Trainee: 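Please see the structure below; I have some questions.
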Amino acid sequence: MKALKKSQVVRIADHVGREGPYPSALREHIALFDDLAAIRPEVEDAAAVIVRSLADGKKLMLCGNGGSAADSQHLAAELTGRFVKDRRPLAAMALTTDSSALTCIANDYDFDEVFSRQLAGLGRPGDCLLAISTSGNSSNVIRAVETARRMRIATVALTGRGGGRLRDLCDTAIVVPSAITARIQEAHIFVGHVLCALVEQGLARAGLLHAEQPAS
């Protein structure tokens, strides 16, 4: 591959600085985040649902595809590890991490079943599922929510694009007011971090943040 000359790199940088994606993406990001105050009630409602499950000694499960799978793992790690302050580990697990389970289920059954079948085996009544989908219409995430409802597992949707099918299917839904996937994903990790903070706050107020895990 032929290397670019320094003068060519400078010209490319000048062009990108004037007309490239950085300034437009930044404008979209700022405009969206200015609108996120409107979804504060839904975020706080979702946190309360998660707190109820954890306070009862149950667990949070998370699922999603692609970037939403990464968010599932990220947020589960914030809870089992540490978000800001030291406290007991919280019961959270991403259904996106076990490559053997994912590929076995996809191969032997169907990709639409990769989350729902894990949830059916691992979930218990009183648990909570955080279902992440930028469109709200990911079929395997919807299938997981349907399974959760049958099992009396609480459901929270984190979506965008108007909420899709998940909006009405879940107990509570956080719908990022954007139709741009990248901006929705940026808002999702912000909302996810706020959920972690609210969960820690809620458990602390109940005296459960540093206590031993409640008995099931």
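Starting from 1, each residue takes its place in the sequence as its number. Just so it is clear, the structure is predicted and the values come from calculations on it, not from any experiment.
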Trainee: Who passes salt bridge (Lys or Arg N to Asp or Glu O under 4.0 Å) against Glu200, sequence neighbours left out?
Mentor: Arg87
Trainee: State the CG-OG1 distance between Leu119 and Thr155, to the nearest 0.5 angstrom.
Mentor: 10.5 Å
Trainee: So which heavy atom on Ala154 is nearest to which on Val49, and how close?
Mentor: CB-CG1, 3.7 Å
Trainee: With sequence neighbours left out, which residue pairs that include part of residues 101-110 fulfil the salt bridge (Lys or Arg N to Asp or Glu O under 4.0 Å) condition?
Mentor: none
Trainee: Might you point out which heavy atoms bring Ser53 and Gly126 nearest each other, and give the distance in Å?
Mentor: OG-O, 2.8 Å
Trainee: If you round to the nearest 0.5 Å, how far is CG of Leu102 from CD of Gln118?
Mentor: 5.5 Å
Trainee: Among residues two or more places apart or on two chains, list those pairs meeting ring pair (Phe, Tyr, Trp, His ring centres under 6.0 Å) that have a residue in residues 98-136.
Mentor: none
Trainee: side-chain contact (heavy atoms from CB on, under 4.5 Å) with Ile142: which of Asp112, Thr147, Leu166?
Mentor: Leu166
Trainee: Between Arg149 and Leu169 (side chain of the first, backbone of the second, donor and acceptor by atom type, cut-off under 3.5 Å), is there such a pair?
Mentor: yes
Trainee: Atom CG in Leu195, atom CD in Glu44: separation rounded to 0.5 Å?
Mentor: 10.0 Å
Trainee: Measuring from atom CZ of Arg88 to atom OG1 of Thr80, what distance do you get when rounded to the nearest 0.5 angstrom?
Mentor: 12.5 Å
Trainee: Are Leu129 and Cys63 close enough that some pair of their side-chain heavy atoms sits under 4.5 Å apart?
Mentor: yes
Trainee: What residue pairs, at least two apart or across chains, pass ring pair (Phe, Tyr, Trp, His ring centres under 6.0 Å) with a residue in residues 176-196?
Mentor: Phe33-Phe190, His74-His193, Phe83-His193
Trainee: Suppose the criterion is ring pair (Phe, Tyr, Trp, His ring centres under 6.0 Å): which pairs have a residue in residues 133-162, not counting sequence neighbours?
Mentor: none
Trainee: How about Val114 and Thr103: do any of their side-chain heavy atoms sit closer than 4.5 Å?
Mentor: no
Trainee: Check each of Ile132, Leu60, Leu130, Val43 against Val156 using the side-chain contact (heavy atoms from CB on, under 4.5 Å) test, and report the only one that passes.
Mentor: Leu130
Trainee: Show your working on salt bridge (Lys or Arg N to Asp or Glu O under 4.0 Å) between Asp127 and Lys59 and close with a plain yes or no.
Mentor: CA-CA 5 Å; Asp127 286 343; Lys59 63 183 173 292; 2.8 Å; yes
Trainee: Which heavy-atom pair separates Ala76 from Leu62 by the least distance, and what is that distance?
Mentor: CB-CD1, 3.9 Å
Trainee: Which heavy-atom pair separates Val141 from Ala131 by the least distance, and what is that distance?
Mentor: CG1-CB, 3.5 Å
Trainee: Is Ile50 linked to Leu90 within one hydrophobic cluster, defined over Ile, Leu, Val, Met, Phe, Trp and Tyr using a side-chain heavy-atom separation of less than 4.5 Å?
Mentor: yes
Trainee: Of the non-hydrogen atoms in Pro21 and Ser24, which two are nearest, and what is the gap between them?
Mentor: O-OG, 3.0 Å
Trainee: To the nearest 0.5 Å, what is the distance between CZ on Arg143 and CD on Glu113?
Mentor: 4.5 Å
Trainee: For the residue pair Gly163 and Thr159, what are the closest heavy atoms and their distance?
Mentor: CA-OG1, 3.2 Å
Trainee: Would you list the pairs meeting salt bridge (Lys or Arg N to Asp or Glu O under 4.0 Å) in which at least one residue belongs to residues 156-171, sequence neighbours left out?
Mentor: Glu146-Arg165
Trainee: Report yes if the side chains of Glu186 and Leu32 come closer than 4.5 Å at any heavy-atom pair, otherwise no.
Mentor: no
Trainee: side-chain hydrogen bond (donor to acceptor under 3.5 Å, both in side chains) with Asn65: which of Thr134, Asn140, Thr96?
Mentor: Asn140
Trainee: Under a 4.5 Å cut-off applied to non-hydrogen side-chain atoms, are Asp71 and Leu158 in contact?
Mentor: no
